[in-house]
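To keep things clear, I will list the structure first and then write my remarks on it.
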Amino acid sequence: REASKKVGALVEKLRKRIAEINESGLTPFAKEELDIVERRLGDVEHMVGDGDLAEALGMARQAKTSLDTIAGELEAALNDDPKSKWADAT
């Protein structure tokens, strides 16, 4: 129960941060990864609610991997072409 409350608050905070992302600054691949992050966050909440903390941890790790992938994708896009359409919105 306590874990569910804490995780719920953290997931909500992360969802708010994700909602603030200017998607016009994302590459198509980064947008796909962002969709994965959003789905994994829902999975985390569901798994914690079911009491399956090990599975929730796995889903959270997948979300983090996708966020890391987005960061790498955007950094590579900016390094390839600092004047690209991604640069202004990123």
Side-chain angles (χ1 to χ4, degrees):
R1 225 1 110 205
E2 185 66 27
S4 182
K5 287 180 184 178
K6 286 182 180 181
V7 169
L10 289 172
V11 168
E12 188 58 34
K13 183 177 179 181
L14 186 52
R15 278 202 172 116
K16 286 179 183 177
R17 298 274 315 264
I18 288 172
E20 294 171 357
I21 293 173
N22 181 355
E23 289 198 26
S24 67
L26 298 178
T27 63
F29 181 72
K31 286 180 184 178
E32 289 176 22
E33 287 296 315
L34 190 61
D35 288 341
I36 292 169
V37 170
E38 291 169 349
R39 286 195 304 271
R40 292 297 79 88
L41 290 177
D43 293 340
V44 167
E45 285 182 314
H46 181 75
M47 294 297 141
V48 169
D50 286 350
D52 192 348
L53 300 183
E55 189 67 23
L57 179 60
M59 296 292 116
R61 285 183 175 145
Q62 287 180 27
K64 183 189 182 309
T65 298
S66 289
L67 289 170
D68 291 342
T69 300
I70 291 168
E73 169 74 8
L74 295 177
E75 185 175 331
L78 289 173
N79 287 338
D80 286 347
D81 184 4
K83 295 183 169 117
S84 73
K85 67 180 185 175
W86 318 119
D88 290 337
T90 302

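- Listed by chain and number, the residues in a side-chain contact (heavy atoms from CB on, under 4.5 Å) with A60 are V44 (sequence neighbours excluded).
- Separating the CD1 atom in I18 from the CD1 atom in I70 is a distance of 7.5 Å, to the nearest 0.5 Å.
- With sequence neighbours excluded, the residues that form a side chain to side chain donor-acceptor pair (under 3.5 Å) with K64 are D68.
- Residue pairs meeting the side-chain hydrogen bond (donor to acceptor under 3.5 Å, both in side chains) criterion with at least one member in residues 45-58, sequence neighbours excluded, are R15-E45, H46-D50.
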Can you give me every donor-acceptor pair (side chain of residues 36-43, partner residue at least two apart or in another chain, under 3.5 Å) with its distance?
| residue | atom | partner | partner atom | Å |
| --- | --- | --- | --- | --- |
| R40 | NE | D43 | OD2 | 2.8 |
| R40 | NH2 | D43 | OD2 | 2.7 |

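- Atom CZ of residue R17 and atom CG of residue L14 lie 8.0 Å apart, to the nearest 0.5 angstrom.
- Cluster annotation: V11 and L53 are assigned to the same hydrophobic cluster (Ile/Leu/Val/Met/Phe/Trp/Tyr, side-chain heavy-atom contacts under 4.5 Å, transitive).
- E73 CD to L78 CG: the interatomic distance, rounded to the nearest 0.5 Å, is 10.0 Å.
- Among the candidates T69, N79, L26, the single residue satisfying the side-chain contact (heavy atoms from CB on, under 4.5 Å) test with L74 is L26.
- Every side chain to side chain donor-acceptor pair (under 3.5 Å) that S66 has, sequence neighbours left out, goes to E33.
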